[in-house]
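Let me begin by presenting the structure, written as structure tokens, before commenting on it.
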Amino acid sequence: RLRTWDSRSQVHEPVDRNFRQAFSELDRLKDKLAVGDSVIEKAAYIYRKALEKGLVRGRSISALIASALYAACRDTETPRTLKDIGQASNIKRKDIARCYRLLLRELNLKMPVVDPVKCISRIASKAGLSEKTKRKATKILQTAEEQKISAGKDPMGLAAAALYVACVTNGENKTQRDVAEAAGVTEVTIRNRYKGLKVALNL
Amino acid sequence: MPQTKPMVSVENVVASADVMQKMDLNDITRKFPDVEYHPDSFPGLVFRLKTPKTATLIFTSGKMVCTGSKSEELAKKAVKTVVQDLRKGGIKVKKNAVVTIQNIVASINLGGKIHLEQAARTLPRSMYEPEQFPGLIHRMVDPKTVILLFSSGKLVCTGAKHEEDVYRSVNNLHALLEEKELMIYD
DNA sequence: AAGTTACTTTAAAAAGC
DNA sequence: GCTTTAAAAAGTAACTT
């Protein structure tokens with residue numbers, strides 16, 4: 001594993017030391033965020049590209065590593081928010097977001113738009129929701145013909161609202177607060193998304 | 001084709017100016033009580049005008065930055081007014097300021113909704129991150145501007161040096177959106 | 001639950017850390 | 001990179017009432 005790094009580690013230079021620091025940091029984040037090896041390898045690949053482009057000069061290496069990991073999550077459609085990565089790395093969300101935008105621009109990366117359906121599982125497991133409710137929420141988001149109501153909205157807010165609606169229809173006793181907390185959004189956001197969902201689904 | 005002509009409105013103009021002489025900011029602070037000057041946090045003095053409603057930053061070098069105007073002409077008028085006020089208040093200013101428009105911010109309404117997710121996939125040099133911001137950020141090459149696109153069909157264009165650049169940017173983008181069938185008219 | 005205020009993004013200049 | 005200014009877009013957040 002982590003062959004991306006190993007294949008280049010034969011050159012023992014300052015760059016080498018930089019890579020070692022990057023990999024030990026990525027390995028640490030891997031456990032905290034519970035992401036797979038393929039995500040870490042992709043993050044390492046992106047970080048190496050950033051190094052080659054000289055994007056590290058005068059910048060925080062830790063913030064760049066964290067944003068490379070966020071980019072890898074986005075690219076592999078692994079649902080991890082900037083807030084998740086910020087808490088795991090102890091780097092401010094705003095700094096990771098800024099570095100991430102830099103990576104997109106300088107490395108010409110094109111990321112898929114976050115699919116709120118992919119956010120359902122994480123929220124559901126944190127809130128302890130049933131498989132049935134997860135399936136219901138997925139249908140709700142799909143039936144809501146996405147594009148029409150999701151444009152510009154936080155995917156976590158959309159997923160949280162769908163899960164809340166699914167809980168109500170399935171009679172699962174969870175409050176908006178429970179779902180909001182698990183999703184990392186406010187109850188107000190769930191209510192606002194719920195309004196749009198209600199219209200789109202004729203609830 | 002476009003069922004509606006884009007509605008463009010200039011919201012803010014940023015201009016730099018230079019009176020080519022050293023300025024005593026502490027003296028200005030003494031003679032103009034409503035001025036803001038906190039050299040510990042920022043080297044510029046903030047001089048606000050009621051009309052045109054603007055805020056002009058004045059530096060010891062005699063260079064200035066005027067923000068808040070609704071047009072290029074009003075920005076120039078605002079700088080003139082600031083210099084006049086300074087003279088009336090007893091501050092010696094030998095030359096009139098040389099003004100340069102640096103940035104124009106405009107809001108636009110295309111009159112139809114935009115399919116943002118599709119636009120994110122097909123527009124080059126664009127970034128759409130709803131977790132961070134609801135608008136799609138598009139960097140136009142000619143004119144060199146940045147346009148924020150919202151699903152409502154409203155836009156924000158910034159980075160233009162001339163009002164004409166705003167119109168050209170909007171027309172370029174509007175044509176591109178229609179060409180790629182990203183516009184949704186009622 | 002409604003209201004208000006405030007922060008996210010974009011561009012650009014100024015002088016200095 | 002930061003500090004300060006202004007302004008719009010739409011979403012989200014944090015307080016009050």
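Letters A, B, ... are given to chains in the order of the sequence lines, protein chains preceding strands, and every chain is numbered from 1. Note that the coordinates shown come from a computational prediction; the quantities given were computed from them, not determined experimentally.
For the pair A:S150 and B:E117, the minimum side-chain heavy-atom distance is below 4.5 Å.
Within 6.0 Å of NZ in B:K31 there are more than 12 heavy atoms belonging to other residues, nucleotides or ligands.
Distance CG (A:L158) to C1' (D:dT12): 12 Å, rounded to an integer number of Å. For the pair A:E181 CD and D:dA13 C1', the computed distance is 16 Å after rounding to whole Å. One can place NE2 of B:H38 at 13 Å from C1' of D:dT3, the figure rounded to the nearest angstrom. Residue B:F59 contributes atom CZ, which lies 14 Å from atom P of D:dT3 at whole-angstrom precision. In this structure, B:F150 atom CZ and D:dA10 atom P are separated by 7 Å, rounded to whole Å. The nearest whole Å value for the distance from the NZ atom in B:K113 to the P atom in D:dA9 is 14 Å. Taking atom CE on B:M127 and atom P on D:dA9, their separation rounds to 20 Å, with Å as the unit. Rounded to an integer number of Å, the gap from B:L148 CG to D:dA9 P is 11 Å.
At distances below 3.5 Å, not a single donor-acceptor pair connects side-chain atoms of B:T54 with backbone N or O atoms of B:S69. Between the side chain of B:Y128 and the main chain of A:G152, a donor-acceptor pair closer than 3.5 Å is present. At distances below 3.5 Å, at least one donor-acceptor pair connects side-chain atoms of B:E131 with backbone N or O atoms of A:L82. For B:K70 (side chain) and B:E11 (main-chain N/O), a donor-acceptor pair under 3.5 Å exists by modelled atom type. Remark: the backbone N or O of A:G184 is paired with a side-chain donor or acceptor of A:K83 at under 3.5 angstrom.
Nearest-nucleotide positions on DNA chain D for A:L102 and B:K154 put A:L102 closer to the 5' end. Each of B:T158 and B:P43 was assigned the nucleotide of DNA chain C with the nearest heavy atom; the assignment lying further toward the 5' end belongs to B:T158. Of the two residues contacting DNA chain C, namely A:K195 and B:K63, the nearest-nucleotide position lying further toward the 5' end is that of A:K195. Residue order along DNA chain D, read from the 5' end via each residue's closest nucleotide, puts B:L57 first among A:R193 and B:L57.
Put simply, NZ on A:K136 and NZ on A:K132 are 9.0 Å apart, with the number rounded to the nearest 0.5 Å.
Across all strands shown, the partner of C:dT10 is D:dA8, judged by Watson-Crick or G-U wobble contacts whose two distances both fall under 3.5 Å. In this entry C:dA2 has D:dT16 as its Watson-Crick or G-U wobble partner, both defining distances falling under 3.5 Å.
C:dT8 and D:dC2 have their P atoms separated by 11 Å, with the value rounded to a whole Å.
Taking only side-chain nitrogens and oxygens, B:S107 never comes nearer than 4.0 Å to OP1 or OP2 of D:dA9.
Protein chain A contacts DNA chain C from C:dA1 to C:dT10, reading 5' to 3' and using non-hydrogen atoms of the protein with a distance under 4.0 Å.
At the heavy-atom level, B:T56 lies nowhere under 4.0 Å from the strands shown. Residue contacts shown for A:R57 are absent, as no nucleic acid heavy atom lies under 4.0 Å away. Among the protein residues, B:G62 comes within range of no part of the nucleic acid, since none of its heavy atoms lies under 4.0 Å from any strand. Within 4.0 Å of B:V146, counting heavy atoms only, lie sugar-phosphate atoms of the nucleic acid but no base atom. Using a 4.0 Å heavy-atom cutoff across all strands shown, A:R93 reaches no nucleic acid atom at all. Contact annotation for B:S152: backbone-only contact, meaning every heavy-atom pair under 4.0 Å involves sugar-phosphate atoms and none involves a base. Nucleic acid contact for A:G152: sugar-phosphate only, since backbone atoms but no base atoms lie under 4.0 Å from a heavy atom of the residue. Among the protein residues, A:V185 comes within range of the sugar-phosphate backbone only, with heavy atoms under 4.0 Å from sugar or phosphate atoms but none that close to a base.
Between B:E36 and the options B:T29, B:V46, B:L45, B:L57, a side chain to side chain contact (heavy atoms under 4.5 Å, CB included) holds for only B:V46.
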